[in-house]
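Encoded as structure tokens, the structure appears first; notes follow it.
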Amino acid sequence: MREKIIIDCDPGQDDAVALFLAMASSDELDILGITAVAGNVPLELTQRNARIICDIAGNKDMSVYAGCSRPMLLNLVTAENVHGMSGLDGIDIYEPVKKIDETHAVDFIIETLKASTDKSITLVPTGPLTNIAMAIIKEPSILNNIKQIVLMGGAMREGGNLSPSAEFNILVDPHAAHVVFDSGLPIIVMSLDVTHQVLTTKERVAKISKINNPAAQATAGMLQFFARYDSAKYGFDGAPLHDPCTIAWLLEPDLFQGKPCHVSIETGSNLTMGHTAVDFWGIGNTKPNVTWMHTIDADGFYTLLTERLRNFA
Ligand code: RIB
Ligand code: CA
């Protein structure tokens with residue numbers, strides 16, 4: 001049975017690779033739609049970038065929906081310093097053939113979930129959680145139709161990447177993150193603790209660059225650009241390839257190790273806003289609300305990604 005998913009993203013080079021990995025895995029994944037949210041770059045660029053990726057993948061049938069243009073309460077903070085002004089620096093940027101769907105992303109998420117008969121749909125957010133939270137707030141009954149949420153966000157061991165104590169996706173919209181983490185839904189969290197283990201080393205990118213199709217070539221170009229910021233910041237060979245970890249878990253969960261934990265989101269302190277307070281050792285008496293992933297087989301991840309990129313024509 002194929003896994004029905006909705007990918008909610010803010011492309012972003014790593015979001016783009018997650019989209020490629022998902023679209024290259026149609027035997028296992030049934031992508032019901034792609035929704036875009038403001039994050040790495042403003043919404044008009046994230047929704048355009050999602051459509052460019054569909055064009056490059058040759059996916060004429062996929063629908064792309066534009067969602068929320070700013071966080072629920074805070075002002076939007078973007079990351080052009082990491083992703084470039086286009087959000088997809090590393091490839092040629094153009095107005096894609098695919099048009100944006102007229103339905104708002106939040107309404108698409110609600111309508112798709114309400115039309116599903118059972119808990120069969122997985123939400124895969126790889127950007128700030130604004131669209132997901134707004135869908136839950138607008139139509140709480142959808143909680144009965146969501147199988148699970150597999151998200152990229154947060155950090156415990158690795159500290160913050162947008163502030164000393166908070167990861168970008170959570171800090172951009174911490175109030176939305178609180179709504180999602182407090183929803184009672186099964187949540188798989190791919191935090192920086194995992195994504196910092198999957199670095200886009202020169203050797204790994206070189207293998208992808210040898211694959212002769214537009215999606216693999218675009219991936220190599222984007223990752224060569226994407227690596228420069230984090231390599232300089234952390235002294236790594238390459239950058240953490242954050243968002244594809246969500247799709248990889250759906251495809252090969254045995255690549256990962258994690259544990260049930262309770263996670264709270266800081267929404268009161270300016271100093272630690274967006275911090276994911278992970279009760280990793282079960283010290284509090286709070287029931288775990290997520291599965292916190294902490295280990296990944298990095299070579300296995302890149303073998304999966306590289307092999308799937310060969311599936312594109
Ligand atoms: O902190 C990394 C996350 O923030 C990734 O999803 C990246 O695309 C940005 O959205
Ligand atoms: Ca992202």
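All figures in this text were calculated on a predicted structure; none of them were measured in a lab. Read the numbers this way: they start at 1 and go in the same order the structure lists the ligands and their atoms.
Ile132 contributes atom CD1, which lies 4.0 Å from atom CG of Asp8 (distance to the nearest 0.5 angstrom).
Ion pair Arg310/Glu307 flagged as a salt bridge, since at least one NZ, NE, NH1 or NH2 atom sits closer than 4.0 Å to an Asp/Glu carboxylate oxygen. Between Glu252 and Arg308, none of the side-chain N atoms (NZ, or NE/NH1/NH2) sits under 4.0 Å from a carboxylate O, so this pair counts as no salt bridge.
Among residues at least two apart or in separate chains, salt bridge (Lys or Arg N to Asp or Glu O under 4.0 Å) pairs with a member in residues 141-164 are Glu3-Lys147. The side-chain hydrogen bond (donor to acceptor under 3.5 Å, both in side chains) pairs that include a residue from residues 96-109 are Asp101-Thr103, Asp107-Lys138, where partners are two or more places apart or lie in different chains.
For the Ca ion (ligand 2), the nearby protein N/O/S atoms, meaning those under 3.0 Å, are Asp10 OD1, Asp15 OD1, Asp15 OD2, Thr126 O, Asp243 OD2.
When all heavy atoms are compared, the tightest approach of Asp10 to Thr126 is OD1-O, 3.2 Å. Summarising the geometry of Ser191 relative to Met293, their closest heavy-atom pair is OG-O, 4.2 Å, with the distance given to 0.1 Å.
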Once you restrict both partners to nitrogen or oxygen, which atoms of ligand 1 have a protein partner under 3.5 Å, and how far apart are they?
{"unit_1": "ligand 1", "atom_1": "1 (O)", "unit_2": "Asn161", "atom_2": "ND2", "d": "2.8"}
{"unit_1": "ligand 1", "atom_1": "1 (O)", "unit_2": "Glu167", "atom_2": "OE2", "d": "2.6"}
{"unit_1": "ligand 1", "atom_1": "4 (O)", "unit_2": "Asn169", "atom_2": "OD1", "d": "3.2"}
{"unit_1": "ligand 1", "atom_1": "6 (O)", "unit_2": "Thr126", "atom_2": "O", "d": "2.9"}
{"unit_1": "ligand 1", "atom_1": "6 (O)", "unit_2": "Asn169", "atom_2": "ND2", "d": "3.0"}
{"unit_1": "ligand 1", "atom_1": "6 (O)", "unit_2": "Asp243", "atom_2": "OD1", "d": "2.6"}
{"unit_1": "ligand 1", "atom_1": "6 (O)", "unit_2": "Asp243", "atom_2": "OD2", "d": "3.1"}
{"unit_1": "ligand 1", "atom_1": "8 (O)", "unit_2": "Asp14", "atom_2": "OD1", "d": "2.7"}
{"unit_1": "ligand 1", "atom_1": "8 (O)", "unit_2": "Asp14", "atom_2": "OD2", "d": "3.0"}
{"unit_1": "ligand 1", "atom_1": "8 (O)", "unit_2": "Asp15", "atom_2": "OD1", "d": "2.9"}
{"unit_1": "ligand 1", "atom_1": "8 (O)", "unit_2": "Asn40", "atom_2": "ND2", "d": "3.0"}
{"unit_1": "ligand 1", "atom_1": "8 (O)", "unit_2": "Asp243", "atom_2": "OD2", "d": "3.1"}
{"unit_1": "ligand 1", "atom_1": "10 (O)", "unit_2": "Asp10", "atom_2": "OD1", "d": "3.3"}
{"unit_1": "ligand 1", "atom_1": "10 (O)", "unit_2": "Asp10", "atom_2": "OD2", "d": "3.0"}
{"unit_1": "ligand 1", "atom_1": "10 (O)", "unit_2": "Asn40", "atom_2": "OD1", "d": "3.2"}
{"unit_1": "ligand 1", "atom_1": "10 (O)", "unit_2": "Asn40", "atom_2": "ND2", "d": "3.3"}
{"unit_1": "ligand 1", "atom_1": "10 (O)", "unit_2": "Asn169", "atom_2": "OD1", "d": "2.8"}

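Aromatic pair His242/Phe168: centroids not less than 6.0 angstrom apart.
A donor-acceptor contact under 3.5 angstrom links the side chains of Thr78 and Glu80, judged on distance only.
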